[in-house]
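Report on the structure given below.
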Amino acid sequence: MFSGDTSDPSDLSPAAVAAARERRKESKASAKLAKSAKRSAAAAEAAAAAALAARPLPFAASPPARPWGDYGLIRSSTRSSRVYSPVAALPSLEGQAALVRARVHSVRSKGGGSFLVLREAGTLDTVQAAHFKKSDAEHGGDVARYIAGLPAESIVDVEGVVVPAQVRSCTLSTHELAVSSIHAVSRASPPPFTVEDAARSSEVVEASQATERPFPRLGQELRLDSRWLDLRTPSSSSILRVRSAVCQLFREALYAEGFAEIQTPKLLPGESESGAGVFRTDYFGSPACLAQSPQLHKQMCISGDAGRVFEVGPVFRAENSNTRRHLCEFTGLDFEMEIKESYEEALEVAHGTFKHIFEGLETRWARDLSAIRSQYPSSPVLVTDDPCVLHWREGQEILAEEGFDMGDGMQDLTGKQELALGRVVREKYGTDFFILHKYPASIRPFYTMKCPDDPNYSNSYDMFIRGLEISSGAQRCHDVGMLVENIEAKGIEDWEGSLGKYVDSFRHGISPHAGAGIGLERVVFLFLGLDNVRKATIFPRDPNRIKP
C-alpha cells in the first residue's frame, strides 16, 4: 500500500487496519522525539554560547573573535600585532578604525546608546566612545549590556571608527569612537572615593554644600591613604609631571654651566648637618645613619677636582615637625662648585637655574599648569632678570618695620617672618624669588665660611619663593685648620670617627667653593601655590605617615 493510497479503510482487513494505526503511532512518536532532540541541541548550543561569553578571552595575536568580554590574564605569553593609537592622534585617523587602551572614567546610557568617557594613562587626554543598540542586533544587545556593567576605573581596549562629534565633556572635543569592540583588560573594584570627586576644586565643593546634592569633602588623609587613586586626577597627574620637569630643567641649566651629575652615599657613619635629627641604624655592628644631605661628599668631589657637581637624590630628616611644609624624606636638588673669588658666582648660577626652571615650566608645561590651576589656583612666579639679593640686616629692618620684635637679630626667621618678608620684597622689588645672605654664623652649619669683616655673620644664604625658604647654601670653609676649629666650636664630640675622612680631604688641598641644597617638594609646592607640601609629594613621609 502506497502512502498516497486513498482507498476506503473499510476495504481493508481488521489486521491491516490495526497495522496502519500502529505505524501512525510510531510516526508521531518519531516526530516528537525529533522535536525534542532539536530543542536539546538548541539548548546545548545556547549553553555553550553562554559559557563562551562568561569565559575570559585569550589575549591572542589577532583581534578577539567576540566583540566584547574580559581578557584572560595577560602574562606576556604572546605578542599582539595590533596597533594602539594615542587619544591625541585620533583626529588624524578620522574615518578609520583605531584601537585605544584607557580607563573607564564614566559610563552612561541615553536613548538607544551607551556612552563612555575614556581617560588615557600618562596624559590629560579623554575621549568619548559611543555604542548604539541598533548596531548590536546580531548579538541581541549583549555588547550594550556588557558596557553598562563595566565598573568605573576599569582598564579597557576599545576599537572603533573615529568619527566627527561635538563632545564638550572630553579633552578631545571634535571626535569620538564609534565602538565596534570593547574588552576589559583589568576590572576595578569600588574605590573609597571617585576620581571625579577628587578632581573638584575646594571652591566648587564648598559652593555645593548649600544645594540638595552636595559634593563630598575629601580629606587629605583619605586621599593619601589611597594615593594611587588621587594621582589619577588631572591636577595630581600634572603635579607629578611638574616635579619631573623641575628635575629636568634643573639638570638642563647646570649641564649648560659645565656641571657633572653625581650620586653620593645615603648611609653615613654620622651626622652631616648640625641642628637636624637623623634616622639611625646599624651597619654590620657599627652605628650609621641615613644621609641628611649629600653635603660632605659634594665637597669631597670638589677636592677630587670635579670642579662643578650636582645631585638629585633622597634626603632624610628625623624632625618631628607636623607642618604644611616639612617632610621626613624629600628629594634634594644640590649643587657645589669651585669659585674663583666670591660666592656671588654661585648665587648667579642659582638665580639663572631658577629663572630657567620658572620660565621653562610656564612655556613647556603650560598644559599641565592649566590643569593644576583649574583645581588649585595660582599665578606665575615673578622673577627678576638679575639676582635679587638682600643683606640679612636689610631683612631685619624690613621685618622690624612690619611690627616684628627681632631681638638682637641673631635668631633664624620664623615662618610668619618669612612670609611677611616675601610680601614686602614682592611689593618693593617686583619678584617672588629672592636671596637673603650674610646669616648669623651661630645658626649655620660647621662647614660655613665666616664673614671676613664680622665673624658673627657668615658667607651664607637662603633662597625664597613666595616668602618661604626653599634652599640653604654658603661658601664652604676650605681651610682645614678653620674647619676643625668650627667643628669643635659646634660641640661635635668624637668627630674623627664620623668626619675624619671628610676633614682629610681638605688636608690635601681643595679649591674655594660654594653651593646650595634645594628641596624639590618645596619648589613645586611654592611655585604652584599649593596649601600643603604633601600635594607636591608622590608618597609623603612625615612623622605620622610611612605608608603607602
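Here the options are Thr233, Asp368, Leu528, the test is side chain to side chain contact (heavy atoms under 4.5 Å, CB included), and the partner is Ile239; only Leu528 passes.
For Lys416, the NZ atom counts as loosely surrounded, since its 6.0 Å shell holds 12 or fewer non-hydrogen atoms of other residues, nucleotides or ligands. Atom CD1 of Ile546 has 12 or fewer heavy atoms from other residues, nucleotides or ligands within 6.0 Å.
By the 30° and 60° cut-offs, the orientation of the rings of Phe434 relative to Phe464 is parallel.
Salt-bridge check for Arg545 with Asp225: passed, with a basic side-chain N closer than 4.0 Å to an acidic carboxylate O. A salt bridge is absent between Arg534 and Glu521; no separation between the charged side-chain nitrogens and carboxylate oxygens falls under 4.0 Å. Salt bridge absent: Arg82 and Glu159 never bring a charged side-chain N and a carboxylate O closer than 4.0 Å. Taking 4.0 Å as the cut-off between side-chain N and carboxylate O, Arg325 and Glu418 count as a salt-bridged pair.
Judged purely by atom type and a 3.5 angstrom limit, Arg466 uses its side chain to pair as donor or acceptor with the backbone of Phe527. Without hydrogens or angle criteria, His183 side chain to Arg66 main chain gives a donor-acceptor distance under 3.5 Å. Panel note: side chain His351, backbone Asp385; a donor-acceptor pair is recorded below 3.5 Å. A donor-acceptor pair is defined here as one N or O able to donate and one able to accept, closer than 3.5 Å; no such pair exists between the side chain of Ser85 and the backbone of Val100. Of the possible donor and acceptor atoms, one in the side chain of Tyr146 sits under 3.5 Å from a partner among the backbone N and O of Gly69. Checked by atom type and distance alone, the side chain of Ser472 never pairs as donor or acceptor with a backbone atom of Asp462 at under 3.5 Å. With hydrogens and angles disregarded, no donor-acceptor distance shorter than 3.5 Å links the side chain of Thr384 to the backbone of Thr431. In terms of modelled atom types and a separation under 3.5 Å, the side chain of Lys535 and the main chain of Phe525 share no donor-acceptor contact. No side-chain donor-acceptor contact under 3.5 Å links Ser186 to the backbone of Ser154. Judged by distance alone, with hydrogens and angles left aside, the side-chain atoms of Ser235 form no donor-acceptor pair with the main-chain N or O of Gln375 at under 3.5 Å.
Under 3.5 Å, the side chains of Arg241 and Ser237 contain a donor-acceptor pair of N or O atoms. Neither side chain, Glu319 nor His326, offers a donor N or O lying under 3.5 Å from an acceptor on the other. A donor-acceptor contact closer than 3.5 angstrom links the side chains of Ser378 and Arg373. If you check the side chains of Thr264 and Glu311, you find a donor sitting under 3.5 Å from an acceptor.
In terms of heavy atoms, Val167 sits closest to Glu176 at CG2-OE1, 4.2 Å. Closest non-hydrogen pair, Val205 versus Pro216, comes out as CG1-O, 3.8 Å. Across every non-hydrogen atom of Ala102 and Arg119, the tightest pair is CB-O, 3.4 Å. The minimum heavy-atom distance linking Ser208 with Phe215 is given by the pair OG-N, 2.8 Å. For Val107 against Leu150, the heavy-atom pair with the smallest separation is CG2-O, 4.1 Å. Shortest non-hydrogen contact noted between Val87 and Leu172 is O-CD2, 3.9 Å.
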Next item on the list: Please lay out, stage by stage, how Asp334 and Ile518 fare under the test side-chain contact (heavy atoms from CB on, under 4.5 Å).
Entry: CA-CA 6 Å; Asp334 283 79; Ile518 303 154; over 6 Å; no
Next item on the list: Could you walk me through whether Glu252 and Arg364 pass salt bridge (charged side-chain N to carboxylate O under 4.0 Å, His left out), step by step?
Entry: CA-CA 13 Å; Glu252 286 178 1; Arg364 293 157 60 182; 2.9 Å; yes
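The side chain to side chain donor-acceptor pair (under 3.5 Å) search around Glu257 returns none, not counting sequence neighbours.
Distance CG/Leu118 to SG/Cys170: 8.0 Å, rounded to 0.5 Å.
In summary, the aromatic rings of Tyr255 and Phe250 are positioned with their centroids too far apart to meet the 6.0 Å limit.
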